[in-house]
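This report refers to the structure that appears directly beneath it.
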Amino acid sequence: MSSSEIGEIHETGEPGEISSDVFHATLHSLRVWDSPLPGFDTAAAPGEPVALFREWFVHAARAGQLEPHTMSLATVDGQGRPDVRTLMLHEADARGWHFASHATSAKGVQLAGRPEAALGFYWPSVGRQVRVRGRVSACGPEESRADLAVRSRGALAAALTGRQSEVLGSVEELARVSAAAWERAGAEPDAPAPTWTRYVLDPAEVEFFQGDAARRHVRLRYSRTAEGCWDRELLWP
């Protein structure tokens, strides 16, 4: 079904409800990687993954990828059920991949109970993905506070609001508490947010995926050895 035919299909059912025909026609009309993709010479890849990640990150940003610093964070709860959400990367250095949240949030509680996580980056403009797995550690109060200090007034207001992942009584309650937090963030740019925590994922495994229009995708996996070095191997797509 063509895109023009999709536009002619009428929505049915309740207001705002999309029919199965519209959904499936839209889903199967989508295409990926319609523009030229970069190559990936794995033989020239650096010996450790952070250097390659930084190279790919900057390349994606310069190629016009929107919000290349957004990533998926997967954790596991106390019942062993996986959980995933999207958040922002704050740094990638020799220590690992950095992000932040409230220690009292769902992700914070899950990481406290089982400090292992996975990250996923997808940059469709260049057909690239990066997957990271490893152990997560919480930074101390000073570093966590410094993380928040360099962010916007809105970020501070959200941190001061707190209560992330708790049940919300009404949108009016959110508006009232948020307005008070914004006012405080403007009046006290150094206001403390005690539960705000910076986390670092120390990678045990990092995979770099370069898409290929002919589906001959290139996958390079870095695995940390017991001695702290990195082994590299290619994977079948």
Side-chain angles (χ1 to χ4, degrees), residues 37-63 65 68-101 103 107-124 126-140 142-144 146-147 197-212 215-237:
L37 298 178
F40 181 20
D41 181 4
T42 58
E48 52 87 20
V50 171
L52 183 56
F53 176 83
R54 286 182 163 185
E55 177 186 328
W56 276 27
F57 180 90
V58 172
H59 179 269
R62 291 177 176 174
Q65 175 62 53
H69 57 320
T70 57
M71 61 185 186
S72 298
L73 168 69
T75 54
V76 176
D77 68 13
Q79 289 72 50
R81 300 174 300 180
D83 206 350
V84 67
R85 74 286 287 167
T86 301
L87 69 169
M88 300 292 183
L89 175 71
H90 289 202
E91 178 63 279
D93 57 19
R95 294 167 60 191
W97 277 254
H98 299 231
F99 58 93
S101 184
K107 67 181 83 66
V109 172
Q110 290 167 6
L111 287 170
R114 187 169 181 175
E116 299 279 343
L119 303 175
F121 296 84
Y122 179 44
W123 303 316
V126 290
R128 286 177 167 175
Q129 300 180 53
V130 181
R131 301 168 59 211
V132 188
R133 294 200 296 174
R135 190 168 183 83
V136 178
S137 59
C139 299
E142 183 175 346
E143 189 171 2
S144 296
D147 176 273
T197 305
R198 185 173 178 123
Y199 295 94
V200 183
L201 188 154
D202 182 20
E205 182 179 295
V206 186
E207 180 191 325
F208 294 84
F209 171 102
Q210 174 63 68
D212 179 83
R215 300 303 187 265
R216 291 188 289 269
H217 313 310
V218 180
R219 298 174 62 187
L220 176 66
R221 181 172 63 192
Y222 289 77
S223 300
R224 194 193 295 272
T225 68
E227 295 76 26
C229 301
W230 290 101
D231 283 338
R232 297 187 301 173
E233 54 194 351
L234 295 174
L235 302 176
W236 277 89

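Just so you know, residue 1 is the first one in the sequence shown, and it goes up from there.
In this structure, the side chain of Ser144 engages the main chain of Arg198 through a donor-acceptor pair within 3.5 Å. Under a 3.5 Å cut-off, the side chain of Gln210 and the backbone N or O of Val126 do form a donor-acceptor pair. Trp123 places a side-chain N or O within donor-acceptor distance of the main-chain N or O of Pro68, the cut-off being under 3.5 Å. The backbone N or O of Ala92 lies less than 3.5 Å from no partner atom in the side chain of His98, so there is not a single donor-acceptor pair. Arg85 places a side-chain N or O within donor-acceptor distance of the main-chain N or O of Leu73, the cut-off being under 3.5 Å. Side-chain N or O atoms of Glu48 include one that pairs as donor or acceptor with a backbone N or O of Val50 at under 3.5 Å. Without hydrogens or angle criteria, Arg232 side chain to Ala45 main chain gives a donor-acceptor distance under 3.5 Å.
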*Determine, step by step, whether Phe121 and Trp56 satisfy the ring pair (Phe, Tyr, Trp, His ring centres under 6.0 Å) criterion, reporting the C-alpha distance in whole Å, the side-chain angles of both residues, the deciding distance to 0.1 Å, and the verdict.*
CA-CA 11 Å; Phe121 296 84; Trp56 276 27; over 10 Å; no

*Begin with the C-alpha distance, continue with both residues' side-chain angles, and end with the deciding distance and a verdict on side-chain contact (heavy atoms from CB on, under 4.5 Å) for Val206 and Arg221.*
CA-CA 6 Å; Val206 186; Arg221 181 172 63 192; over 6 Å; no

*Trace of the salt bridge (Lys or Arg N to Asp or Glu O under 4.0 Å) decision for Glu233 with Arg219*: CA-CA 8 Å; Glu233 54 194 351; Arg219 298 174 62 187; over 6 Å; no

*Could you check Asp77 against Asp83 for side-chain contact (heavy atoms from CB on, under 4.5 Å), going step by step and ending with a plain yes or no?*
CA-CA 7 Å; Asp77 68 13; Asp83 206 350; 5.9 Å; no

*asked:* The test is side-chain contact (heavy atoms from CB on, under 4.5 Å); show your working for Leu37 and Asp212 and say whether it passes.
replied: CA-CA 7 Å; Leu37 298 178; Asp212 179 83; 5.6 Å; no

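Contact detail for Gly211 and His217: the closest heavy-atom pair is CA-ND1, 3.6 Å. Closest heavy-atom contact between His90 and Phe99: CG-CA, 4.2 Å. Residues Ala100 and Leu87 come closest through the heavy atom pair O-CD1, 4.1 Å. For the residue pair Pro38 and His59, the shortest heavy atom distance occurs at CG-CE1, 3.9 Å. Shown here for Pro203 and Gly96, the closest heavy-atom pair between the two residues is CD-CA, 4.0 Å.
In this structure, the side chains of Gln65 and Arg128 stay at 4.5 Å or more apart for every pair of heavy atoms. Here the side chains of Pro115 and Tyr199 are not in contact, with every heavy-atom distance at 4.5 Å or above. Considering only heavy atoms from C-beta on, Arg95 stays 4.5 Å or farther from Ser137 through its side chain.
Each of Arg133, Arg131, Met71 was checked for a side chain to side chain contact (heavy atoms under 4.5 Å, CB included) with Leu119, and the lone residue meeting it is Met71. In summary, of the residues considered (Thr75, Thr197, Leu201, Val76), a side chain to side chain contact (heavy atoms under 4.5 Å, CB included) with Leu111 occurs for Thr75 alone.
Going from atom CD of Glu207 over to atom OG of Ser223 covers 9.5 Å, rounded to the nearest 0.5 Å. Taken to the nearest 0.5 Å, the CH2 atom of Trp97 stands 9.5 Å off from the CG atom of Asp202. Once rounded to the nearest 0.5 Å, the distance linking CG of Leu220 with CG of Leu234 reads 6.0 Å.
Relative orientation of the Tyr222 and Trp230 rings is perpendicular, given thresholds of 30° and 60° on the angle between their planes.
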